[in-house]
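Order of appearance sets the numbers: ligands from 1, and atoms from 1 within every ligand.
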Amino acid sequence: MLSKRIEELLNEQINYELFSSYLYLSMSAYLSDLNMNGYAHWFHIQAQEEKDHAMIIYNYVISAGGRVRLEAIDGPKTEFTDIREVLEETLEHERMITQKIYKIVDEATSEKDYKTVKALEWFINEQVEEEENAVDNIAKYNMLADDAKGLYLLDKEMLARVYVPSAMLGNKA
Ligand code: OFO
């Protein structure tokens with residue numbers, strides 16, 4: 001059974017993950033508008049993965065005997081200065097999400113709710129990857145984007161990303 005506090009934090013996290021999905025879909029729409037189809041594709045997949053993250057927590061809350069309560073999702077930013085701003089805001093956003101996950105782990109640990117701590121281990125690792133990807137995207141952009149040919153090749157590379165549903169979803173996707 002989840003404590004009320006942990007249940008509340010997990011419900012908040014479902015909302016953050018859905019907001020992340022909404023934010024990345026908004027970034028994807030902006031990038032499509034720039035005809036940056038590879039970047040738009042990459043962020044579209046990112047949005048799908050964030051929805052998966054929300055569902056992993058959603059499924060966990062139910063399996064742990066808690067109650068999922070969905071709340072309104074904030075509207076994401078819709079206008080950006082350029083691709084660099086999108087990439088930098090992605091890193092900032094992921095760092096914020098990492099802190100949210102750590103906070104739940106901290107509170108679950110102090111309540112000796114080791115089941116929740118264990119369930120969130122996957123997210124701790126996932127956040128390492130999320131931040132690494134964001135840093136990597138910024139670095140590549142900074143190296144190549146000043147040159148039109150470089151940007152064209154980068155956009156093509158982003159197009160290669162493939163959506164793979166998380167194994168954590170099992171048959172509950
Ligand atoms: Fe759900 O990892 Fe990004 O936000």
Side-chain angles (χ1 to χ4, degrees), residues 2 6-32 36 38-64 66 68-80 83-109 115-141 157-170 172-173:
L2 297 171
I6 297 298
E7 184 184 276
E8 180 188 29
L9 288 171
L10 289 169
N11 271 297
E12 276 177 18
Q13 194 62 35
I14 292 172
N15 191 276
Y16 285 127
E17 301 292 343
L18 290 172
F19 173 74
S20 301
S21 180
Y22 215 24
L23 174 66
Y24 293 138
L25 195 58
S26 180
M27 288 173 170
S28 179
Y30 166 77
L31 294 159
S32 286
M36 287 286 123
Y39 275 99
H41 168 79
W42 197 96
F43 276 92
H44 194 276
I45 289 181
Q46 189 66 18
Q48 286 174 279
E49 287 198 354
E50 296 299 353
K51 187 172 152 286
D52 288 354
H53 297 171
M55 289 310 297
I56 292 166
I57 301 171
Y58 175 107
N59 292 338
Y60 171 69
V61 170
I62 291 173
S63 75
V68 168
R69 288 189 178 78
L70 298 178
E71 302 223 347
I73 303 164
D74 286 343
K77 180 169 167 170
T78 56
E79 296 303 331
F80 301 88
I83 302 176
R84 179 174 277 116
E85 188 182 56
V86 168
L87 301 179
E88 285 173 351
E89 290 198 7
T90 297
L91 177 58
E92 201 180 309
H93 181 74
E94 288 304 331
R95 284 178 171 157
M96 183 275 285
I97 293 292
T98 300
Q99 293 310 311
K100 299 291 181 195
I101 298 286
Y102 287 178
K103 183 176 168 53
I104 308 174
V105 172
D106 278 349
E107 294 212 22
T109 303
K115 188 173 157 171
T116 296
V117 173
K118 180 107 183 69
L120 291 176
E121 263 172 28
W122 183 86
F123 282 88
I124 293 173
N125 295 330
E126 176 67 13
Q127 284 310 119
V128 172
E129 201 181 298
E130 294 279 64
E131 290 190 26
E132 272 176 6
N133 286 342
V135 167
D136 194 47
N137 283 342
I138 293 170
K140 282 184 190 160
Y141 186 85
E157 184 183 312
M158 299 300 264
L159 201 53
R161 186 176 186 187
V162 175
Y163 168 66
V164 181
S166 170
M168 291 291 287
L169 280 171
K172 291 184 177 169

(message) Under 4.0 Å, heavy-atom basis, I'd like to know which part of E49 is in contact with ligand 1: side chain, backbone, both or neither.
(response) neither
(request) Number the atoms of ligand 1 from 1 as they appear, then name those within less than 4.0 Å of a heavy atom of E17, with their elements. (result) 1 (Fe), 2 (O)
(message) So for ligand 1, is Q46 a polar contact partner (N or O within less than 3.5 Å, distance only)?
(response) no
(request) Please say whether more than 12 non-hydrogen atoms of neighbouring residues, nucleotides or ligands are located less than 6.0 Å from OH in Y58. (result) no
(message) Quick one about Y163 and D52 (side-chain donor to acceptor, distance below 3.5 Å, no hydrogens or angles considered), yes or no?
(response) yes
(message) Which atom name would you report as the N, O or S atom of H53 nearest atom 1 (Fe) of ligand 1?
(response) ND1
(request) Applying ring pair (Phe, Tyr, Trp, His ring centres under 6.0 Å) between F80 and each of F43, Y39, Y30, report the one that passes. (result) Y30
(request) Show the numbers, then the answer: is there a side chain to side chain donor-acceptor pair (under 3.5 Å) between H93 and S20? (result) CA-CA 8 Å; H93 181 74; S20 301; 2.8 Å; yes
(request) Heavy-atom contacts with S20 under 4.0 Å: which atoms of ligand 1 show up? List them by number with element. (result) 4 (O)
(message) For a distance under 2.8 Å, tell me if E50 has an N/O/S atom near atom 1 (Fe) of ligand 1.
(response) yes
(request) Quick one: report the N, O or S atom of E130 that is nearest to atom 3 (Fe) of ligand 1. (result) OE2
(request) Dump the intermediate steps for side chain to side chain donor-acceptor pair (under 3.5 Å) on Q127 and T98, then the final yes or no. (result) CA-CA 6 Å; Q127 284 310 119; T98 300; 3.1 Å; yes
(message) Any N/O/S atom, side chain or main chain, of E94 closer to atom 3 (Fe) of ligand 1 than 2.8 Å?
(response) yes
(request) Provide the number and element of each atom of ligand 1 under 4.0 Å from a heavy atom of Q127. (result) 1 (Fe), 2 (O)
